[in-house]
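Worksheet: the structure to be examined is printed underneath.
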Amino acid sequence: MQLTRVDSGGCAVLRMSGSVRSIDGPRFGDALAKALVEDPPCVVCEMTEVTWLDPACVAVWVAAQWSGPWPGPVVWLVGAHDQPAEALRATGVASFVGLADSTEAAFTRMPTEPPMQRERLLLAPLPIAPRRARRFAIEVMARWTLSAMIGDATLIVSELVTNGIDHASSDLELRLDHGHDLLNIAVRDRGSFSTRQASSDAAAHALESNDGIPQRGRGLEIVRRLSLASGRTRAPAGGSVYWATLATGDRATRQRAARRP
């Protein structure tokens, strides 16, 4: 991968070319984090000349949401085509960053894009934390007129917070973002990032199962079933970020229509 940076219209533009492999992730992640902490109006990742993208590298853009001042600059991915475009669509990265056909198109859309709604809550690793998180989510979504999402969203919030308590035993940060007909839920812990299998059961207790599979350990599977996309990534400053995205508004309407037989 070749990577260069230019500034255009006050925004940082990172131009990538060639094959972007998993080993390129740290170098590109460092460049993206540096651009974000400078706090420009936006950071554009130009991918017109990228011929192949390892799907694992998509985690760089998700993790970048935690590397700079929050809410931070708008991040755009522009010009992706063929295999890179398919990799971006398949991994759901559009839940976290904007996608555009070109840098010019991203700049044109910026003034008319509605601002993202964002709220966060800091939590101590105590048994009361999931309840506090659910109450916080209910209040926020009521303000955002997303009452129809409260059931699924609070279940996901409860699971992700409980997972952080069970496996990291550290302070947690819950973030809720809403915009572009997407509700993003993310919980960051400060434990060590490892290949351990998460196994909390906050959501599993809310559902009954007769298939003989133990309830404990099914919570994150339920999160995946309820979400448009979900996953885990390494936080640049340490720890893990577990996240999930739900469709809202017109996007949710289209999604429900597509599922009808």
Side-chain angles (χ1 to χ4, degrees), residues 1-8 11-40 42-70 72-103 106 163-164 167-168 170 175 184 186-198 220 224 227 229-245:
M1 177 192 74
Q2 294 184 338
L3 177 65
T4 58
R5 174 179 169 176
V6 297
D7 291 331
S8 178
C11 294
V13 180
L14 301 177
R15 290 178 175 163
M16 310 160 64
S17 61
S19 296
V20 182
R21 302 161 296 171
S22 58
I23 61 173
D24 297 315
R27 182 163 70 96
F28 174 65
D30 289 345
L32 180 58
K34 183 177 184 297
L36 286 169
V37 298
E38 294 172 5
D39 204 23
C42 72
V43 176
V44 175
C45 302
E46 193 174 284
M47 303 182 66
T48 307
E49 297 183 5
V50 173
T51 56
W52 189 82
L53 174 68
D54 188 327
C57 292
V58 171
V60 171
W61 286 289
V62 179
Q65 304 300 312
W66 302 86
S67 63
W70 191 82
V74 177
V75 177
W76 287 92
L77 306 184
V78 304
H81 55 88
D82 298 331
Q83 186 275 338
E86 180 57 35
L88 293 175
R89 285 193 295 268
T91 53
V93 72
S95 302
F96 291 88
V97 300
L99 299 180
D101 292 334
S102 67
T103 300
N163 179 72
H167 297 289
S170 70
R175 292 184 180 181
N184 301 316
V187 173
R188 175 183 177 176
D189 64 56
R190 299 187 181 277
S192 60
F193 185 93
S194 68
T195 57
R196 54 166 166 66
Q197 177 66 40
L220 294 183
R224 285 190 284 272
S227 306
S230 65
R232 177 180 68 150
T233 189
R234 186 192 306 270
S240 300
V241 178
Y242 283 84
W243 58 270
T245 297

- Neighbour count above 12 (heavy atom, 6.0 Å) for Glu49 CD: no
- Item | pair Val44-Leu14: side-chain heavy atoms closer than 4.5 Å | no
- Item | Nearest heavy atoms of Ala12 and Ala35, plus distance in Å | CB-CB, 4.1 Å
- Atom CE of Met1 and atom CZ of Phe28: how far apart are they, to the nearest 0.5 Å? 7.0 Å
- Does one side chain, of Thr245 or Asn184, offer a donor that lies under 3.5 Å from an acceptor on the other? yes
- Query: Counting distance only, does the side-chain N/O of Asp189 pair as donor-acceptor with the main-chain N or O of Gly239 below 3.5 Å?
  - Reply: no
- Message: Could you go through Arg89 and Leu99, starting from their C-alpha distance and side-chain angles, then the distance that decides it, and tell me whether this counts as side-chain contact (heavy atoms from CB on, under 4.5 Å)?
- Response: CA-CA 10 Å; Arg89 285 193 295 268; Leu99 299 180; 5.5 Å; no
- Query: Can any side-chain N or O of Ser230 pair as donor or acceptor with the backbone N or O of Ala244 at less than 3.5 Å?
  - Reply: no
- Does any non-hydrogen side-chain atom of Leu220 lie less than 4.5 Å from one of Tyr242? yes
- Item | Shortest non-hydrogen contact from Val58 toward Ala87 | CG2-O, 4.5 Å
- Audit row: Asp24, Arg21, salt bridge (Lys or Arg N to Asp or Glu O under 4.0 Å) steps and yes/no: CA-CA 5 Å; Asp24 297 315; Arg21 302 161 296 171; 3.6 Å; yes
- Item | Any Trp76 side-chain heavy atom under 4.5 Å of Thr103 side chain | no
- Quick one: does Val43's side chain get under 4.5 Å of Glu38's, heavy atoms only? no
- Query: Just wondering, do Arg5 and Arg15 contact through their side chains at under 4.5 Å, heavy atoms?
  - Reply: no
- Mind checking whether Cys45 and Leu32 have side chains closer than 4.5 Å, heavy atoms only? yes
- How many angstroms lie between CG in Asp54 and CD1 in Ile23, if you round to the nearest 0.5 Å? 10.0 Å
- Message: Would you compute the distance between atom OG of Ser102 and atom CD of Glu46 and round it to the nearest 0.5 angstrom?
- Response: 8.5 Å
- Query: Between atom CG of Leu88 and atom NE2 of His81, what is the distance when rounded to the nearest 0.5 Å?
  - Reply: 11.5 Å
- Item | More than 12 heavy atoms from other groups under 6.0 Å of CG on Asp101 | no
- Is there side-chain contact between Cys57 and Leu53, with at least one heavy-atom pair below 4.5 Å? yes
- Message: Go through it in stages, so that I can follow the logic: the residues are Asp30 and Lys34, the test is side-chain contact (heavy atoms from CB on, under 4.5 Å), and I'd like the CA-CA distance, side-chain angles, deciding distance and then a yes or no.
- Response: CA-CA 6 Å; Asp30 289 345; Lys34 183 177 184 297; over 6 Å; no
- Item | Trp52 and Val20, any side-chain heavy atoms less than 4.5 Å apart | no
- Message: Taking atom CD as the centre, does Gln2 end up with more than 12 heavy-atom neighbours from other residues, nucleotides or ligands that are less than 6.0 angstrom away?
- Response: no
